[in-house]
> 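Can you read through this structure? Questions will come right after.
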Amino acid sequence: MLIESATQPAVATRDRILAAAILRFSRHAYEETGLRDIAADVGVDVAYVHRCFGSKERLFTEALRATTRADRLLADVASDPASVLAGLIFSEDGPRSPDEVTPLDIIIRSLSSPKAASVLRAFIVEDFIVPLSEKLGRPGMREASMIAAFLVGIGIMRTVLQVAPLQEPEGGELERRMAEVIACMTGETARHI
């Protein structure tokens, strides 16, 4: 019982640091986001942030993991790859609160940073492309990389740039056509076309 109560504040503080980092990385460029600012947002010493996460790069990776939840996104891929993957673009639809963050919010703010780009590259490969390739079984890394690029590109055009023809709701022609393209990339026929 004593151990539980002693570790509870540490877990809560670590979660608060991660939440503050997610907000900072989603609103500011990687280079503009400092560990001291994140520590100040939470009311802790910057040394505690280092102790919890080790470095800015590791905290950035954890922020990406927490917002992306790639393992959850890829959980059902094996059942109907093309439709499930096409549906990912629509999973973030709907009204959002000002504190709600999507993975694209963080990615867009960080693309111009060479340091963040190397972290983003490692993250997308290790947390999305490799697991996607393994779940699909047949396609290799190239096909999984093409699918990731397609989804990120459509996601940026749809949610960040808000290109009108891509503003269609879930279950429509856009999602069906995306499933067709993904099916072509995997060498299969989409099941719900």
Side-chain angles (χ1 to χ4, degrees), residues 14-15 17-38 46 49-78 81-82 84-92 100-163 166 178-179 181-187:
R14 187 183 192 287
D15 290 345
I17 292 168
L18 182 57
I22 289 168
L23 283 177
R24 283 269 176 183
F25 286 126
S26 73
R27 294 181 178 154
H28 304 283
Y30 180 83
E31 310 302 3
E32 296 171 0
T33 303
L35 293 183
R36 289 187 191 287
D37 297 323
I38 293 167
V46 71
V49 176
H50 278 284
R51 192 166 44 247
C52 288
F53 293 95
S55 68
K56 180 176 171 178
E57 290 81 11
R58 287 164 94 192
L59 180 54
F60 183 64
T61 300
E62 288 303 313
L64 287 167
R65 279 197 180 110
T67 57
T68 306
R69 301 177 310 271
D71 55 340
R72 180 187 59 85
L73 293 176
L74 296 175
D76 298 327
V77 165
V84 169
L85 290 166
L88 293 179
I89 293 300
F90 300 91
S91 66
E92 302 292 335
E100 197 172 346
V101 175
T102 69
L104 285 177
D105 297 326
I106 295 174
I107 291 169
I108 292 299
R109 299 269 188 274
S110 305
L111 284 176
S112 64
S113 166
K115 282 186 180 181
S118 73
V119 175
L120 281 167
R121 182 175 35 260
F123 169 77
I124 193 103
V125 169
E126 294 166 15
D127 285 45
F128 191 81
I129 293 172
V130 168
L132 175 59
S133 181
E134 290 170 357
K135 285 200 176 273
L136 294 175
R138 298 158 314 281
M141 291 291 287
R142 178 178 294 145
E143 290 82 0
S145 297
M146 289 175 11
I147 292 168
F150 177 67
L151 293 173
V152 169
I154 294 285
I156 290 170
M157 297 283 289
R158 189 170 185 276
T159 60
V160 177
L161 299 176
Q162 298 183 349
V163 173
L166 302 177
M178 288 176 59
V181 170
I182 293 168
C184 286
M185 289 182 201
T186 62

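All values below come from the heavy atoms of this structure, side chains included, with hydrogens, waters and symmetry mates left out.
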> Is it true that a side-chain atom of R24 and a backbone atom of T33 form a donor plus acceptor pair closer than 3.5 Å?
no
> Please round to the nearest 0.5 Å and tell me the distance separating atom CD1 of I38 and atom CG of L23.
10.0 Å
> Just verifying a value: how many Å separate F53 CZ and T61 OG1, rounded to the nearest 0.5 Å?
11.0 Å
> Counting C-beta onward and ignoring hydrogens, is there a side-chain heavy-atom pair between F123 and R65 closer than 4.5 Å?
yes
> Begin from the C-alpha positions of T159 and L166 and carry the test side-chain contact (heavy atoms from CB on, under 4.5 Å) through to its verdict.
CA-CA 9 Å; T159 60; L166 302 177; over 6 Å; no
> Any side-chain to backbone donor/acceptor pair from R109 onto S26? Under 3.5 Å, distance only.
yes
> Any side-chain to backbone donor/acceptor pair from S110 onto I107? Under 3.5 Å, distance only.
no
> Looking at every heavy atom in both A70 and D127, which two are closest together, and how far apart are they?
CB-O, 3.1 Å
> Which heavy atom in L151 sits nearest to a heavy atom in L85, and how many Å separate them?
CD2-O, 3.4 Å
> Which atoms form the tightest heavy-atom contact between P81 and L136, and what is the distance?
CB-CD2, 3.3 Å
> Measure from the side-chain N and O atoms of S133 to the backbone N and O of I129, and report whether any donor-acceptor pair falls under 3.5 Å.
no
> Could you tell me which non-hydrogen atom of V130 sits nearest to which non-hydrogen atom of E126, and how far apart they are?
CB-O, 4.3 Å
> Mark yes or no for whether K115, through its side chain, and E57, through its backbone, hold a donor-acceptor pair below 3.5 Å.
no
> Grab the two heavy atoms, one from A82 and one from I182, that are nearest each other, plus how far apart they are.
CA-CG2, 3.7 Å
